[in-house]
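Notes follow the structure.
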Amino acid sequence: MDLAELLTGPPEKAAPRLLGSTLVSDIQGKRVSVRVTEVEAYKGSDDPASHAFRGRTMRNGSMFERPGTLYVYRSYGIHWCCNVACGPEGVGWGILFRGGLVIDGVGVAVSRRGRADSLADGPGKLAQALGIGGSHDGTRLLDHDAQIRLEAGHAPEVVLATPRIGISRAAEKPWRFIEAAPVSA
DNA sequence: AGGATGATGGACT
DNA sequence: GTCCATCATCCTA
């Protein structure tokens, strides 16, 4: 199953299968690639924690676009965070990119982050490392000539499901998925 | 290793 | 006016 097909499904199914895929950004002539290791599912009108719970607005419109559309929002007035829309067009389902590992363009990521560690282990940090901002809202991540793209990778050996982070409503749903290190011998 | 806190802006009641 | 899908820094231990 390819990414386009995967993203036509519900977020709690698609999210864990996005682990191990790669986000690639080509911005200002610089490339950064991040292996996705942490995601969260947000299920639109069925999910009180979702930005799309109350329907489509100016801010969340991208989540209602076709699968593979990037939804970028400002968090706490300071950071940028990004999601990919999934499910049928118009439903407002999405998957938040919550963390990853920089596998290409480390120097660029270090420069953007202003530090040499913790480059993408958080949604705001991941967006900053990739150079993603409000102007990238609506990017079609599955277009081969887009500035920011989502590409297939190799699936992790172990996936853990836990409650989502930083929310107060529907906090019991185990819709956070992380790539875990296999238990060593 | 873990808890508290300030920064800062937009969406919503 | 209040609530955030956060982060870095500054404490205490």
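Since the structure is predicted, the reported quantities are computational estimates derived from the model, not experimental observations. Each chain gets a letter, A, B and so on, in the order its sequence line appears, and its residues count up from 1.
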* Asked: What are the two closest non-hydrogen atoms of A:Ile132 and A:Cys82, and how far apart are they?
  ->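 That closest heavy-atom pairing would be CD1-SG, 3.9 Å.
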* **Any A:His79 side-chain nitrogen or oxygen under 4.0 Å from OP1 or OP2 of C:dC7** =>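 The answer is no; no side-chain N or O of A:His79 sits under 4.0 Å from OP1 or OP2.
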* To do: Considering just the side-chain nitrogens and oxygens of A:Arg98, establish if one lies under 4.0 Å of OP1 or OP2 belonging to C:dT6.
  =>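 Affirmative; the distance criterion is met.
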Scan [X] against the nucleic acid and name what it touches under 4.0 Å (heavy atoms): base, sugar-phosphate only, or nothing.
{"X": "A:Arg54", "result": "sugar-phosphate"}
{"X": "A:Ser118", "result": "nothing"}
{"X": "A:Arg176", "result": "nothing"}

* Asked: Which of these nucleotides, C:dT6, B:dC12, C:dA5, is closest to any side-chain atom of A:Tyr76?
  ->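 For the A:Tyr76 side chain, the nearest candidate turns out to be C:dT6.
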* For the side chain of A:Tyr73 and the base of C:dA5, is some donor closer than 3.5 Å to an acceptor across the two? ->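 Indeed there is one.
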* Please report the C-alpha distance between A:Asp26 and A:Arg149 in whole Å, then the side-chain angles of each, then the deciding distance to 0.1 Å, and finally whether the salt bridge (Lys or Arg N to Asp or Glu O under 4.0 Å) criterion is met. => CA-CA 9 Å; A:Asp26 287 303; A:Arg149 300 179 302 284; 3.0 Å; yes
* **Length of the line joining A:Arg59:CZ and B:dG9:P, which is rounded to integer Å** =>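 These atoms are roughly 15 Å apart.
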* Asked: Rounded to the nearest Å, what distance is computed from the CG atom of residue A:Leu96 to the P atom of nucleotide C:dA5?
  ->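 In whole Å, C:dA5 P and A:Leu96 CG are 10 Å from each other.
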* So do A:Tyr71 and A:His51 actually touch side chain to side chain, heavy atoms under 4.5 Å? ->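 The answer is yes, as the side chains (C-beta and beyond) meet within the 4.5 Å cut-off.
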* Could you provide the dot-bracket string of DNA chain C, using ( ) for intrastrand pairs, [ ] for crossing pairs and | for bases paired to another strand, with Watson-Crick or G-U pairs below 3.5 Å? => ||||.|||||||.
* Using the six-membered ring of A:Tyr42, assess whether NZ or CZ of A:Arg164 lies under 6.0 Å from its centre and within 45 degrees of the ring axis. =>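 Verdict for A:Tyr42: a cation-pi partner in A:Arg164.
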* Contact nearer the 5' end of DNA chain C, comparing A:Gln128 with A:Glu40 ->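 The 5'-side residue here is A:Glu40.
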